[in-house]
Amino acid sequence: MNSLDGFAGDKLAALERAQLRRMPAFTTRTGIWAERDGRRLLSFSCNDYLNFSQHPETVAAAIAAVKRYGVGAGASRLVTGNHPLYDELETRLARLKGSDAACVFGSGYLANTGIIPAVVGPDDLILVDELAHACIHAGAKLSGAQVHLYRHCDSSHAETLLAEHRAGKKRALIATDGVFSMDGDIAPLAALSELARRFDAWLLSDDAHGLGVVSGGRGSAFVNGAARSPFDVPLQAGTLSKAIGAYGGYLCASQSVIDLMRTRARTFIYSTGLPPAIVAAAIAALDLIERDPAYAAEPLRKARLFTRALNLPEAQSAIVPVIVGDAGAALAASDILRDNGFLVIAIRPPTVPTGTARLRFAFTARHEDGDIVRLAEIVRQQILRR
Ligand SMILES: Cc1ncc(COP(=O)(O)O)c(C=O)c1O
């Protein structure tokens, strides 16, 4: 009989040799600062792009909700976990995204793994951007549909694959990140939406890193007029755990699609509702974005300050990758920044393709311009010149 511990130990040793073993480090965040291993570091590794996770209004809303509704939802939403705050959050999300309705899931990961199998199945076709988030790939696999990957952001390749494989399949879905989580670039949504129309397919965009950050906070479907109407991107998914600073995932879509999710998406049906405090905090964050869209433009402005200082392609979102190659080099680069007082986590395979390990810089509204310029200078002198 195989020993389970033996299996785990061998696997871990192999990962260690390839510098791919990961371990969560205890981190205490205070605003843009992170304390770990007794050191206080300026963090560029947090997706809290608007710093709302610790904003006085989101915190106050969460506390008030705990006092009113308690800590946990107590059951799935179809049982008794559907506390009244959900209605307000879903109405607000739909308004921001210009859709009829919205449905909130337990997380962004749960959203995609629920949405995709609810709209396509074994007789169907899915085209996925090769660099889409792991949860889109997982949702595609779970659906049982025939999956084809198209080259990153290459709508011509997506068109070739549709021309080859669309016939004979009942339904077709094109699924992509809106803003790519490890690259920071934006999907060609207008071109994909046009392809979807021509090939009778549906388009799903996961705007986890666009909501609250691009197009006045409305997200990537609104860049370059891609969503002239909500029907251009009929499945607008995302998460409440990045710029919104809370937790949970969502889908904004037509009323009938949302009704279908509520009755068929397995991750909606078979998982407990979100804690009321989290939902209340997300509502407060949406309020803040609506009241001050100029603030929502700040993370992108900061990211562009960084790309200009380093002569990199202009940032399209709050995320800027600096690709260094192998996993060891990425870890060494991260250590150099740590020794200079910055926290920038090395991103290694399988999160990114082999040979493209990188530093992933995430900019937030509250980073100081002077610190960004100093960071860029250190990257130029100690990382890019090596
Ligand atoms: C593009 C994308 N989709 C989904 C997720 C998952 O979201 P969540 O953390 O809410 O599960 C992430 C974040 O990790 C992401 O980057």
Side-chain angles (χ1 to χ4, degrees), residues 15-29 31-49 51 131 133 152-153 177 179-186 209 213 242 298-386:
L15 288 168
E16 191 87 52
R17 281 193 297 280
Q19 294 188 295
L20 294 176
R21 182 167 177 183
R22 305 171 184 212
M23 275 188 279
F26 288 107
T27 307
T28 305
R29 294 190 309 112
I32 53 178
W33 294 92
E35 208 181 304
R36 33 163 70 182
D37 301 328
R39 295 186 66 161
R40 188 167 177 264
L41 301 166
L42 187 56
S43 171
F44 287 86
S45 279
C46 188
N47 301 319
D48 191 10
Y49 302 119
N51 317 97
L131 296 187
H133 190 263
H152 179 51
C153 283
D177 290 16
V179 170
F180 285 85
S181 58
M182 295 300 138
D183 295 82
D185 51 349
I186 294 185
H209 299 274
V213 175
K242 319 278 185 205
E298 282 295 287
L300 180 55
R301 189 181 72 72
K302 310 272 170 172
R304 286 185 170 160
L305 183 63
F306 182 75
T307 51
R308 264 200 309 279
L310 282 174
N311 248 338
L312 296 172
E314 182 173 69
Q316 294 176 47
S317 71
I319 302 162
V320 178
V322 170
I323 295 175
V324 293
D326 69 43
L331 290 169
S334 176
D335 286 349
I336 289 172
L337 293 182
R338 184 203 54 214
D339 293 344
N340 282 279
F342 298 106
L343 179 63
V344 185
I345 303 291
I347 308 288
R348 294 169 283 163
T351 305
V352 292
T354 303
T356 72
R358 65 196 65 189
L359 294 175
R360 173 188 183 271
F361 296 85
F363 294 88
T364 77
R366 295 220 182 276
H367 281 120
E368 300 280 347
D369 289 8
D371 287 328
I372 293 171
V373 171
R374 195 162 59 84
L375 172 66
E377 201 42 43
I378 291 166
V379 171
R380 182 208 321 283
Q381 289 187 358
Q382 301 190 33
I383 294 172
L384 296 180
R385 284 227 183 105
R386 269 150 50 97

> Determine the minimum heavy-atom distance between Ala333 and Leu359, stating which atoms define it.
CB-CD1, 3.8 Å
> Looking at Ile336 and Gln382, what are the two nearest heavy atoms and their distance?
CG2-OE1, 3.3 Å
> Is there a side-chain contact (heavy atoms from CB on, under 4.5 Å) between Val179 and Gln316? Walk through the geometry before answering.
CA-CA 8 Å; Val179 170; Gln316 294 176 47; over 6 Å; no
> Give, for atom CZ of Arg366 and atom CG of Asp48, the distance between the pair rounded to the nearest 0.5 Å.
10.5 Å
> Are the side chains of His209 and Asn47 in contact, using a 4.5 Å heavy-atom criterion?
yes
> Among residues two or more places apart or on two chains, list those pairs meeting salt bridge (Lys or Arg N to Asp or Glu O under 4.0 Å) that have a residue in residues 308-337.
Arg304-Glu314, Asp335-Arg338
> In chain order, what residues pass the side chain to side chain donor-acceptor pair (under 3.5 Å) check against Thr27, with sequence neighbours excluded?
Arg36
> Between Phe306 and Val322, which heavy-atom pair has the shortest distance, and what is it?
CE2-CG2, 4.5 Å
> Between the main-chain N or O of Ala315 and the side-chain N or O of Thr307, is there a donor-acceptor pair closer than 3.5 Å?
yes
> Distance check, rounded to the nearest 0.5 Å: Leu310 atom CG versus Ile372 atom CD1?
11.5 Å
> Output the distance between atom CZ (Arg358) and atom OG (Ser334), rounded to the nearest 0.5 Å.
14.5 Å
> Return the orientation label for the His367 and Phe363 ring planes: parallel under 30°, perpendicular over 60°, tilted otherwise.
perpendicular
> Any idea which heavy atoms bring Val320 and Ala303 closest together, and the distance?
CG2-CB, 4.0 Å
> Heavy-atom distance under 4.5 Å between the side chains of Leu20 and Pro350, does that happen here?
no
> Name all residues meeting the side chain to side chain donor-acceptor pair (under 3.5 Å) criterion together with Asp339; count only those two or more places apart in sequence or in a different chain, and write none if there are none.
none
> For Arg29 and Cys46, run side-chain contact (heavy atoms from CB on, under 4.5 Å): C-alpha distance rounded to whole Å, both residues' side-chain angles, the deciding distance at 0.1 Å, then the answer.
CA-CA 9 Å; Arg29 294 190 309 112; Cys46 188; 3.4 Å; yes
> With rounding to the nearest 0.5 angstrom, report the CH2 to CG distance, Trp33 to Leu42.
4.5 Å
> Applying side chain to side chain donor-acceptor pair (under 3.5 Å), name anything that partners Arg22, two or more places apart in sequence or on another chain.
Thr351
> Is there any salt bridge (Lys or Arg N to Asp or Glu O under 4.0 Å) pair reaching into residues 343-355, and which pairs are they, with sequence neighbours excluded?
none
> Please check this pair: side chain of Ser317 against backbone of Gly184, looking for a donor-acceptor N/O pair closer than 3.5 Å.
yes
> Report the distance from atom CZ of Phe361 to atom CD1 of Ile319, rounding to the nearest 0.5 Å.
13.0 Å
> Testing Val379, Leu41, Ile378 for side-chain contact (heavy atoms from CB on, under 4.5 Å) with Phe342, which one passes?
Ile378
> Salt-bridge test for Glu377 and Arg374: reply yes if a basic N is under 4.0 Å from a carboxylate O, no otherwise.
no
> Could you list the residues that satisfy ring pair (Phe, Tyr, Trp, His ring centres under 6.0 Å) with His133, not counting sequence neighbours?
none
> If you compare all heavy atoms of Ala330 against all heavy atoms of Ala357, which two are closest, and at what distance to 0.1 Å?
CB-CB, 3.8 Å
> Once rounded to the nearest 0.5 Å, what's the spacing between atom CG of Leu375 and atom CD of Glu368?
13.5 Å
> Check whether any side-chain N or O of Arg39 sits under 3.5 Å from a backbone N or O of Asp37 as a donor-acceptor pair, and report yes or no.
no
> For His152, which of Asp183, Asp177, Asp185 qualifies under side chain to side chain donor-acceptor pair (under 3.5 Å)?
Asp185
